[in-house]
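Structure record follows, encoded as structure tokens.
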2 protein chains.
Amino acid sequence: MIDAVTIKDVKLQLGKLCKQKRQNYELSQEELALALGLSRYTIQKFENGKNATLDTALKIANHFNLLEKFYKLLKDVENSNNIDSLY
Amino acid sequence: MIDAVTIKDVKLQLGKLCKQKRQNYELSQEELALALGLSRYTIQKFENGKNATLDTALKIANHFNLLEKFYKLLKDVENSNNIDSLY
DNA sequence: TTGATTTGTTTATTATAATACACAAATATA
DNA sequence: TATATTTGTGTATTATAATAAACAAATCAA
């Protein structure tokens, strides 16, 4: 019996992913922050699962080429919703 | 030649999806806001593609049962990153 | 070890998301 | 139509995300 995914789970996973991607590119928090026009503190909090703005999250996603993948998910959800009306 | 997905595109799509899902459930902005402990104005801005917090976006996603799908995407990205190291 | 870099954390300030209220405009319903 | 409901928009206030700076703790390199 697996517990349902919580909002906190998602924020923690977002932070984990940011850290992983950042380290893949061998960037420090400072360097990533500079590249995105954010402060290191904002990156620091994001990586530790704190609340943030969509702009911050999407800037990070964009920097690691994940924006398109996320956008596609949203489009798929929208389309699967439309298809429902055909049944 | 398709233009790259922008942060603005994603926010607009998030808003569009919220509106679509909300109308599927026959909820007014007011009712959705009440159900999530948010103000109608926050829903209003979200649906029109304005910036918001992760908490707001994830509360909405959770209400329409999209949290797990999103979490799975994040896990997949994390895992595909690990697999890379095997090649 | 040692020094250098990175990360975690604190405090104070600024920018802005969220709230609460009102009211007009648009949509839906009788 | 007329009425009710919903949505869009404005203003003021509050809550909080983001910034900036400093310093300690942890990690890495010489």
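We name chains A, B, ... by the order of the sequence lines, and we start the count at 1 in each one.
In this structure, CD of A:Gln29 is placed 13 Å from C1' of D:dT27, rounded to the nearest angstrom. Atom P of nucleotide D:dT6 and atom CG of B:Leu34 are separated by 13 Å, given to the nearest angstrom. Computed from coordinates, the A:Lys19 NZ to C:dG8 P distance equals 5 Å when rounded to whole Å. Rounded to a whole Å, the NZ atom of B:Lys45 is 6 Å from the P atom of C:dA17. Taking atom NZ of residue A:Lys50 and atom P of nucleotide C:dG8, one finds them 12 Å apart after rounding to whole Å. Look at CG on B:Leu54: it is 17 Å from P on C:dT16, rounded to the nearest Å. What separates CG of A:Asn48 from C1' of D:dA17 is a distance of 15 Å, to the nearest Å. Look at CD on A:Glu30: it is 10 Å from P on C:dT7, rounded to the nearest Å.
The shortest distance between the side-chain N/O atoms of B:Ser28 and the OP1/OP2 oxygens of D:dT5 is not below 4.0 Å. Contact between the side-chain N/O atoms of A:Thr53 and the OP1/OP2 oxygens of D:dA18 is found at a separation under 4.0 Å. Applying the 4.0 Å criterion to OP1 and OP2 of C:dT19, one finds that B:Thr42 has a side-chain N or O inside that range. In this model, the phosphate group of D:dA18 is not approached by any side-chain N or O of A:Gln44 to a distance below 4.0 Å at OP1 or OP2. An OP1 or OP2 oxygen of D:dT9 is reached within less than 4.0 angstrom by no side-chain nitrogen or oxygen of B:Arg40.
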Would A:Leu32 and A:Leu36 count as a side chain to side chain contact (heavy atoms under 4.5 Å, CB included) if you check the C-alpha gap in whole Å, the side-chain angles of each, and the deciding distance to 0.1 Å?
CA-CA 6 Å; A:Leu32 177 59; A:Leu36 299 179; 3.8 Å; yes

Under the salt bridge (charged side-chain N to carboxylate O under 4.0 Å, His left out) criterion, do A:Lys69 and B:Asp76 qualify, and how do the steps go?
CA-CA 11 Å; A:Lys69 185 167 300 208; B:Asp76 285 349; over 6 Å; no

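The shortest heavy-atom contact between A:Tyr71 and B:Asp9 is CE1-O, 3.7 Å. Considering all non-hydrogen atoms of both residues, B:Glu31 and B:Glu26 come closest at OE1-O, 3.8 Å.
More than 12 heavy-atom neighbours from other residues, nucleotides or ligands sit within 6.0 angstrom of CD on A:Gln23.
The residue among B:Tyr41 and B:Glu31 whose nearest nucleotide of DNA chain D lies closer to the 5′ end is B:Glu31.
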